[in-house]
Amino acid sequence: MTVAIRATDIAKSFGKVTALERATFEVPRGIVFGFLGPNGAGKTTVIRTLLGLLEMDGGDASVLGFDVRTQGDLIRERTGALLEHDGLYKRLTAEQNLDFAGRVWRLPKTERRARTESLLRRLGLWERRRDPVAEWSRGMTQKLAVARALLHRPELVFLDEPTAGLDPVAAAALRDDLEHLATEEGVTVFLTTHNLTEAEKLCERIAIINRGRVVALGTPGELRDAVAEPSIVIRGPAITESHVAMLRTRAGISSLTLLPDGVRLVLAPNARISPIIRALIEHGAEIEEVRRDRPTLERTFLELVAEEPQPPS
(Lines give C-alpha, C1' and ligand atoms only; values in the text may rest on other atoms or scores of the structure.)
Protein backbone atom coordinates (compact mmCIF):
# COMPACT_ATOMS: atom_id res chain seq x y z
CA MET A 1 0.00 0.00 0.00
CA THR A 2 1.48 3.33 -1.08
CA VAL A 3 0.82 6.32 1.13
CA ALA A 4 -0.35 9.76 -0.03
CA ILE A 5 -0.18 11.45 3.38
CA ARG A 6 1.79 10.50 6.46
CA ALA A 7 1.44 12.59 9.62
CA THR A 8 3.25 11.72 12.86
CA ASP A 9 2.63 13.58 16.12
CA ILE A 10 1.91 16.89 14.38
CA ALA A 11 1.23 19.73 16.79
CA LYS A 12 0.05 23.30 16.37
CA SER A 13 -0.96 25.98 18.86
CA PHE A 14 -2.30 29.49 18.45
CA GLY A 15 -1.22 31.29 21.60
CA LYS A 16 -2.74 29.40 24.51
CA VAL A 17 -5.09 27.43 22.26
CA THR A 18 -3.90 23.97 21.23
CA ALA A 19 -5.27 23.25 17.76
CA LEU A 20 -3.40 19.98 17.13
CA GLU A 21 -1.97 17.65 19.77
CA ARG A 22 0.23 14.82 18.49
CA ALA A 23 -2.13 14.02 15.60
CA THR A 24 -1.04 10.86 13.77
CA PHE A 25 -2.58 9.19 10.71
CA GLU A 26 -1.84 7.84 7.22
CA VAL A 27 -3.84 8.19 4.01
CA PRO A 28 -3.39 5.48 1.33
CA ARG A 29 -3.29 6.60 -2.29
CA GLY A 30 -6.32 6.36 -4.54
CA ILE A 31 -9.12 6.38 -1.95
CA VAL A 32 -11.65 8.80 -0.50
CA PHE A 33 -10.40 9.45 3.03
CA GLY A 34 -12.80 11.00 5.52
CA PHE A 35 -11.48 13.38 8.17
CA LEU A 36 -14.30 13.94 10.64
CA GLY A 37 -14.66 16.01 13.76
CA PRO A 38 -16.87 18.59 15.49
CA ASN A 39 -16.42 22.31 14.91
CA GLY A 40 -13.14 23.51 16.37
CA ALA A 41 -11.61 20.02 16.40
CA GLY A 42 -8.67 20.95 14.13
CA LYS A 43 -9.76 19.75 10.67
CA THR A 44 -8.99 22.94 8.74
CA THR A 45 -5.75 23.39 10.68
CA VAL A 46 -4.65 19.92 9.55
CA ILE A 47 -5.38 20.72 5.90
CA ARG A 48 -3.52 24.03 6.01
CA THR A 49 -0.60 22.36 7.76
CA LEU A 50 -0.41 19.58 5.16
CA LEU A 51 -0.46 22.16 2.37
CA GLY A 52 2.49 23.94 3.97
CA LEU A 53 0.43 27.05 4.69
CA LEU A 54 0.87 26.73 8.46
CA GLU A 55 4.12 25.84 10.19
CA MET A 56 3.94 22.93 12.61
CA ASP A 57 5.10 23.36 16.18
CA GLY A 58 6.14 19.73 16.34
CA GLY A 59 5.98 16.38 14.61
CA ASP A 60 6.58 15.35 11.02
CA ALA A 61 4.40 15.11 7.94
CA SER A 62 4.79 14.34 4.26
CA VAL A 63 2.39 14.67 1.34
CA LEU A 64 3.03 12.70 -1.86
CA GLY A 65 6.52 12.04 -0.54
CA PHE A 66 7.36 15.74 0.02
CA ASP A 67 8.22 17.18 3.42
CA VAL A 68 5.56 19.58 4.67
CA ARG A 69 8.10 21.82 6.44
CA THR A 70 10.46 22.40 3.52
CA GLN A 71 8.63 21.46 0.30
CA GLY A 72 5.28 23.19 0.59
CA ASP A 73 5.55 24.70 -2.90
CA LEU A 74 6.01 21.26 -4.44
CA ILE A 75 3.04 19.91 -2.47
CA ARG A 76 0.75 22.73 -3.61
CA GLU A 77 1.83 22.22 -7.23
CA ARG A 78 0.69 18.59 -7.10
CA THR A 79 -2.51 18.95 -5.08
CA GLY A 80 -5.86 20.64 -5.46
CA ALA A 81 -7.89 22.25 -2.71
CA LEU A 82 -11.39 23.50 -2.05
CA LEU A 83 -11.41 25.08 1.40
CA GLU A 84 -13.84 27.53 3.03
CA HIS A 85 -14.31 29.67 -0.08
CA ASP A 86 -14.87 28.37 -3.60
CA GLY A 87 -12.39 30.83 -5.19
CA LEU A 88 -14.62 31.42 -8.24
CA TYR A 89 -15.18 34.72 -10.01
CA LYS A 90 -18.94 35.09 -10.15
CA ARG A 91 -19.00 37.56 -13.08
CA LEU A 92 -17.08 35.14 -15.27
CA THR A 93 -18.52 32.11 -17.03
CA ALA A 94 -17.56 28.55 -16.15
CA GLU A 95 -15.25 28.40 -19.18
CA GLN A 96 -13.60 31.69 -18.23
CA ASN A 97 -13.09 30.59 -14.61
CA LEU A 98 -11.38 27.37 -15.65
CA ASP A 99 -9.37 29.07 -18.38
CA PHE A 100 -8.07 31.60 -15.85
CA ALA A 101 -7.18 28.82 -13.40
CA GLY A 102 -5.44 26.93 -16.21
CA ARG A 103 -3.33 29.96 -17.03
CA VAL A 104 -2.31 30.20 -13.38
CA TRP A 105 -1.23 26.56 -13.57
CA ARG A 106 0.59 27.32 -16.86
CA LEU A 107 -1.38 24.72 -18.80
CA PRO A 108 -1.04 24.99 -22.61
CA LYS A 109 -4.08 26.40 -24.41
CA THR A 110 -5.08 23.11 -26.04
CA GLU A 111 -4.81 21.27 -22.73
CA ARG A 112 -6.84 23.96 -20.94
CA ARG A 113 -9.65 23.63 -23.46
CA ALA A 114 -9.64 19.83 -23.49
CA ARG A 115 -9.50 19.58 -19.71
CA THR A 116 -12.25 22.19 -19.29
CA GLU A 117 -14.59 20.33 -21.60
CA SER A 118 -13.81 16.98 -20.00
CA LEU A 119 -14.51 18.19 -16.45
CA LEU A 120 -17.62 20.21 -17.30
CA ARG A 121 -19.14 17.32 -19.25
CA ARG A 122 -18.40 14.84 -16.47
CA LEU A 123 -19.93 17.13 -13.85
CA GLY A 124 -23.00 17.91 -15.95
CA LEU A 125 -22.12 21.58 -16.46
CA TRP A 126 -21.17 21.69 -20.14
CA GLU A 127 -24.49 23.09 -21.40
CA ARG A 128 -24.16 26.04 -18.99
CA ARG A 129 -20.49 26.72 -19.66
CA ARG A 130 -21.09 30.21 -21.08
CA ASP A 131 -23.42 31.46 -18.34
CA PRO A 132 -22.05 33.76 -15.62
CA VAL A 133 -21.47 31.76 -12.45
CA ALA A 134 -23.53 34.33 -10.51
CA GLU A 135 -26.63 32.86 -12.20
CA TRP A 136 -25.88 29.31 -11.08
CA SER A 137 -27.32 27.31 -8.21
CA ARG A 138 -25.26 26.48 -5.15
CA GLY A 139 -24.85 22.87 -6.29
CA MET A 140 -23.59 23.87 -9.73
CA THR A 141 -21.18 26.37 -8.19
CA GLN A 142 -19.77 23.71 -5.86
CA LYS A 143 -19.25 21.34 -8.77
CA LEU A 144 -17.41 24.04 -10.70
CA ALA A 145 -15.21 24.70 -7.66
CA VAL A 146 -14.34 20.99 -7.56
CA ALA A 147 -13.56 21.14 -11.29
CA ARG A 148 -11.21 24.07 -10.67
CA ALA A 149 -9.43 22.10 -7.94
CA LEU A 150 -8.99 19.16 -10.36
CA LEU A 151 -8.07 21.14 -13.48
CA HIS A 152 -4.30 20.55 -13.35
CA ARG A 153 -4.73 16.79 -12.73
CA PRO A 154 -3.55 16.71 -9.11
CA GLU A 155 -2.69 13.40 -7.49
CA LEU A 156 -4.42 14.51 -4.29
CA VAL A 157 -7.31 16.89 -3.65
CA PHE A 158 -8.37 18.42 -0.31
CA LEU A 159 -12.11 19.10 -0.07
CA ASP A 160 -13.42 20.90 3.01
CA GLU A 161 -17.20 20.40 3.33
CA PRO A 162 -17.83 20.26 -0.45
CA THR A 163 -21.51 19.28 -0.09
CA ALA A 164 -22.37 21.81 2.64
CA GLY A 165 -25.54 23.69 1.74
CA LEU A 166 -26.40 21.47 -1.22
CA ASP A 167 -29.81 19.94 -1.71
CA PRO A 168 -29.95 16.11 -1.45
CA VAL A 169 -29.95 15.58 -5.24
CA ALA A 170 -26.95 17.86 -5.84
CA ALA A 171 -25.06 16.37 -2.87
CA ALA A 172 -25.66 12.81 -4.11
CA ALA A 173 -24.46 13.74 -7.61
CA LEU A 174 -21.29 15.31 -6.24
CA ARG A 175 -20.62 12.24 -4.08
CA ASP A 176 -20.88 10.06 -7.17
CA ASP A 177 -18.37 12.30 -8.94
CA LEU A 178 -15.90 12.08 -6.05
CA GLU A 179 -16.21 8.30 -5.91
CA HIS A 180 -15.53 8.14 -9.66
CA LEU A 181 -12.37 10.22 -9.23
CA ALA A 182 -10.95 7.77 -6.73
CA THR A 183 -12.00 4.53 -8.40
CA GLU A 184 -11.51 5.46 -12.06
CA GLU A 185 -8.71 8.05 -12.03
CA GLY A 186 -6.78 7.08 -8.91
CA VAL A 187 -7.08 10.53 -7.34
CA THR A 188 -6.73 10.58 -3.55
CA VAL A 189 -9.57 12.61 -1.98
CA PHE A 190 -9.08 14.03 1.53
CA LEU A 191 -12.61 14.92 2.59
CA THR A 192 -13.96 16.74 5.63
CA THR A 193 -17.70 16.64 6.19
CA HIS A 194 -20.30 16.88 8.94
CA ASN A 195 -22.56 14.57 6.96
CA LEU A 196 -21.82 11.24 8.60
CA THR A 197 -24.13 9.28 6.33
CA GLU A 198 -22.18 10.71 3.40
CA ALA A 199 -18.88 9.70 4.97
CA GLU A 200 -20.12 6.19 5.72
CA LYS A 201 -21.16 5.65 2.09
CA LEU A 202 -18.22 7.34 0.39
CA CYS A 203 -15.08 6.94 2.47
CA GLU A 204 -12.92 3.83 2.40
CA ARG A 205 -11.06 4.94 5.53
CA ILE A 206 -11.90 7.52 8.19
CA ALA A 207 -10.07 9.42 10.90
CA ILE A 208 -11.99 11.12 13.71
CA ILE A 209 -10.34 14.11 15.35
CA ASN A 210 -11.47 15.59 18.66
CA ARG A 211 -9.88 18.62 20.32
CA GLY A 212 -6.77 18.31 18.17
CA ARG A 213 -6.20 14.57 18.71
CA VAL A 214 -6.97 11.73 16.32
CA VAL A 215 -9.13 9.48 18.49
CA ALA A 216 -10.03 6.81 15.91
CA LEU A 217 -8.74 5.60 12.55
CA GLY A 218 -9.95 2.78 10.31
CA THR A 219 -12.64 1.67 7.90
CA PRO A 220 -16.23 2.65 8.72
CA GLY A 221 -16.90 -0.94 9.77
CA GLU A 222 -13.85 -1.07 12.03
CA LEU A 223 -14.85 2.17 13.74
CA ARG A 224 -18.42 0.99 14.29
CA ASP A 225 -17.36 -2.36 15.73
CA ALA A 226 -14.74 -0.79 18.00
CA VAL A 227 -17.35 1.27 19.84
CA ALA A 228 -20.35 -1.00 20.01
CA GLU A 229 -21.02 -4.67 19.33
CA PRO A 230 -23.52 -5.62 16.63
CA SER A 231 -26.94 -6.25 18.15
CA ILE A 232 -30.00 -8.24 17.14
CA VAL A 233 -33.41 -6.60 17.03
CA ILE A 234 -36.49 -8.78 17.47
CA ARG A 235 -39.78 -7.03 16.70
CA GLY A 236 -43.33 -8.15 17.39
CA PRO A 237 -46.60 -6.78 18.79
CA ALA A 238 -46.71 -8.97 21.89
CA ILE A 239 -43.17 -8.85 23.31
CA THR A 240 -43.62 -7.64 26.87
CA GLU A 241 -41.77 -7.12 30.13
CA SER A 242 -42.50 -10.73 31.05
CA HIS A 243 -40.62 -11.90 27.94
CA VAL A 244 -37.72 -9.63 28.85
CA ALA A 245 -37.65 -11.12 32.36
CA MET A 246 -37.53 -14.61 30.85
CA LEU A 247 -34.70 -13.66 28.50
CA ARG A 248 -32.67 -12.23 31.36
CA THR A 249 -32.47 -15.71 32.88
CA ARG A 250 -31.00 -17.25 29.74
CA ALA A 251 -27.30 -17.74 29.12
CA GLY A 252 -25.72 -16.26 26.01
CA ILE A 253 -27.22 -12.76 26.24
CA SER A 254 -24.73 -10.02 27.14
CA SER A 255 -27.24 -7.16 27.27
CA LEU A 256 -30.91 -6.62 26.62
CA THR A 257 -33.09 -3.55 25.97
CA LEU A 258 -36.88 -3.44 25.67
CA LEU A 259 -38.04 -1.43 22.63
CA PRO A 260 -41.55 0.00 22.05
CA ASP A 261 -42.27 -2.83 19.62
CA GLY A 262 -39.70 -5.46 20.49
CA VAL A 263 -36.34 -6.10 22.12
CA ARG A 264 -32.67 -5.48 21.29
CA LEU A 265 -30.09 -8.11 22.27
CA VAL A 266 -26.31 -8.28 22.29
CA LEU A 267 -25.23 -11.92 22.28
CA ALA A 268 -22.24 -13.40 24.05
CA PRO A 269 -19.48 -14.85 21.82
CA ASN A 270 -20.57 -18.06 20.04
CA ALA A 271 -24.17 -17.71 21.25
CA ARG A 272 -26.94 -18.58 18.76
CA ILE A 273 -30.13 -16.65 18.15
CA SER A 274 -32.39 -19.58 17.18
CA PRO A 275 -32.87 -20.95 20.77
CA ILE A 276 -33.82 -17.45 21.90
CA ILE A 277 -36.43 -17.09 19.16
CA ARG A 278 -37.80 -20.51 20.05
CA ALA A 279 -38.06 -19.58 23.73
CA LEU A 280 -39.94 -16.36 22.94
CA ILE A 281 -42.45 -18.20 20.77
CA GLU A 282 -42.96 -20.88 23.46
CA HIS A 283 -43.75 -18.05 25.91
CA GLY A 284 -46.43 -16.59 23.64
CA ALA A 285 -44.49 -13.88 21.80
CA GLU A 286 -45.52 -12.98 18.23
CA ILE A 287 -42.41 -12.29 16.16
CA GLU A 288 -42.60 -10.32 12.91
CA GLU A 289 -38.94 -9.47 12.30
CA VAL A 290 -35.46 -10.58 13.36
CA ARG A 291 -32.47 -8.61 12.05
CA ARG A 292 -28.89 -7.82 12.86
CA ASP A 293 -28.44 -4.15 13.70
CA ARG A 294 -24.91 -2.75 13.41
CA PRO A 295 -24.17 0.58 15.09
CA THR A 296 -24.18 3.54 12.72
CA LEU A 297 -21.16 5.76 12.09
CA GLU A 298 -23.15 8.62 13.60
CA ARG A 299 -23.54 6.74 16.89
CA THR A 300 -19.85 5.82 16.80
CA PHE A 301 -18.83 9.43 16.15
CA LEU A 302 -20.99 10.78 18.97
CA GLU A 303 -19.60 8.28 21.47
CA LEU A 304 -16.00 9.03 20.48
CA VAL A 305 -16.33 12.80 20.78
CA ALA A 306 -18.62 12.83 23.84
CA GLU A 307 -15.83 12.23 26.34
CA GLU A 308 -14.76 15.87 26.44
CA PRO A 309 -16.78 19.10 26.21
CA GLN A 310 -16.40 20.81 22.85
CA PRO A 311 -15.15 24.36 22.39
CA PRO A 312 -17.66 26.87 20.97
CA SER A 313 -17.81 26.84 17.18
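For this chain, numbers begin at 1 and follow the sequence in order.
- Residues E26 and F33 share a closest heavy-atom pair of O-CE1, 3.7 Å.
- A donor-acceptor pair under 3.5 Å is formed between the side chain of T188 and the backbone N or O of G30.
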Pair T141-V133, side-chain contact (heavy atoms from CB on, under 4.5 Å): steps then yes or no
CA-CA 7 Å; T141 301; V133 174; 4.1 Å; yes
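- Using a 4.5 Å heavy-atom cutoff, the side chains of L36 and L297 are in contact.
- Looking only at side-chain heavy atoms (C-beta outward), I253 and R248 stay at 4.5 Å or farther from each other.
- The 12-atom threshold is not exceeded at CZ of R22, counting heavy atoms of other residues, nucleotides or ligands nearer than 6.0 Å.
- Of the inter-residue distances, the one linking F35 atom CZ with T193 atom OG1 reads 13.5 Å to the nearest 0.5 angstrom.
- Between E161 and K43, none of the side-chain N atoms (NZ, or NE/NH1/NH2) sits under 4.0 Å from a carboxylate O, so this pair counts as no salt bridge.
- Shown here for L258 and I239, the closest heavy-atom pair between the two residues is CD1-O, 4.3 Å.
- Side chain of S118 to main chain of A114: no donor-acceptor pair is present (N/O by atom type, distance under 3.5 Å, no hydrogens or angles).
- In this structure, the separation between CG on L256 and CG on L265 is 5.0 Å, given to the nearest 0.5 Å.
- Here R48 pairs with E84 in a salt bridge; the nearest charged N to carboxylate O distance falls below 4.0 Å.
- Between the side chain of H243 and the backbone N or O of I281 there is no donor-acceptor pair closer than 3.5 Å.
- The backbone N or O of R235 lies less than 3.5 Å from no partner atom in the side chain of E288, so there is not a single donor-acceptor pair.
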Between E289 and V233, is a side-chain contact (heavy atoms from CB on, under 4.5 Å) present by the stated rule, with each step listed?
CA-CA 8 Å; E289 178 188 21; V233 173; 5.6 Å; no
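- In terms of heavy-atom proximity, T300 sits nearest to L223 at CG2-O, 3.3 Å.
- Taking every heavy atom of both residues into account, P154 and G80 meet most closely at CB-N, 3.5 Å.
- Counting only distance, with no hydrogens or angles, the side chain of N97 and the backbone of L88 share no donor-acceptor pair below 3.5 Å.
- At least one side-chain heavy atom of L280 sits less than 4.5 Å from a side-chain heavy atom of M246.
- Judged by distance alone, the side chains of T8 and D60 never bring a donor and an acceptor atom under 3.5 Å apart.
- Checking side-chain atoms of R112 against main-chain N and O of L107 turns up a donor-acceptor pair under 3.5 Å.
- F66 contributes atom CZ, which lies 6.0 Å from atom CD of Q71 (distance to the nearest 0.5 angstrom).
- Side-chain heavy atoms closer than 4.5 Å link hydrophobic residues (I, L, V, M, F, W, Y) into clusters, and following such links, possibly through other members, connects I47 to I31.
- Around atom NZ of K90, more than 12 heavy atoms belonging to other residues, nucleotides or ligands sit under 6.0 Å away.
- Connection of L50 to L159 is not established within any shared hydrophobic cluster, with ILVMFWY side chains joined at heavy-atom distances below 4.5 Å, either directly or through further cluster members.
- Open room surrounds CD on E204; 12 or fewer heavy atoms of other groups in view lie less than 6.0 Å from it.
- Tested against E95, the residues R148, R130, R128 include a single salt bridge (charged side-chain N to carboxylate O under 4.0 Å, His left out) partner, R130.
- A distance of 5.0 Å separates CG in L144 from CH2 in W136, rounded to the nearest 0.5 Å.
- Cluster annotation: L217 is not connected to V32 through the hydrophobic network of ILVMFWY side chains, with a link wherever side-chain heavy atoms come within less than 4.5 Å.
- Both V63 and L74 are assigned to one and the same hydrophobic cluster, defined by single-linkage of ILVMFWY side chains at heavy-atom distances under 4.5 Å.
- Within the 3.5 Å criterion, the main-chain N or O of L150 finds a donor-acceptor partner in the side chain of R115.
- Taking each heavy atom of C203 and P220 in turn, the nearest pair found is O-CG, 3.5 Å.
- Between F158 and V46 the shortest side-chain heavy-atom distance does not fall below 4.5 Å.
- Below 30°, between 30° and 60°, or above 60°: for F190 and F25 the angle between ring planes is between 30° and 60°, a tilted geometry.
- Taking the side chain as every heavy atom from C-beta outward, E222 and R205 approach each other to under 4.5 Å.
- Distance CD1/I5 to CG/L156: 4.5 Å, rounded to 0.5 Å.
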T44 and L83: side-chain contact (heavy atoms from CB on, under 4.5 Å), yes or no, with the steps?
CA-CA 8 Å; T44 301; L83 303 183; 5.9 Å; no
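- Side chain of E135 to main chain of P132: no donor-acceptor pair is present (N/O by atom type, distance under 3.5 Å, no hydrogens or angles).
- Salt bridge annotation for R175-E198: present, with a cationic side-chain nitrogen under 4.0 angstrom from a carboxylate oxygen.
- Two different hydrophobic clusters hold L53 and L82 under the rule that ILVMFWY side chains link at heavy-atom gaps under 4.5 Å.
- Looking only at side-chain heavy atoms (C-beta outward), I232 and I276 stay at 4.5 Å or farther from each other.
- Between L304 and N210, the shortest heavy-atom distance links the atoms O-ND2, 4.0 Å.
- Shown here is R129, whose CZ atom has more than 12 heavy atoms of other residues, nucleotides or ligands within 6.0 Å.
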Using the rule given for side-chain contact (heavy atoms from CB on, under 4.5 Å), can you reason through V305 versus I209, listing the C-alpha separation, both sets of side-chain angles and the distance that settles it, and then say yes or no?
CA-CA 8 Å; V305 303; I209 186 170; over 6 Å; no
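- Atom CZ of R291 is surrounded by more than 12 heavy atoms from other residues, nucleotides or ligands within 6.0 Å.
- Counted by atom type alone, T116 and D99 present zero donor-acceptor pairs between their side chains at under 3.5 Å.
- Here the CD-CD distance, from E200 to E298, works out to 9.5 Å after rounding to the nearest 0.5 Å.
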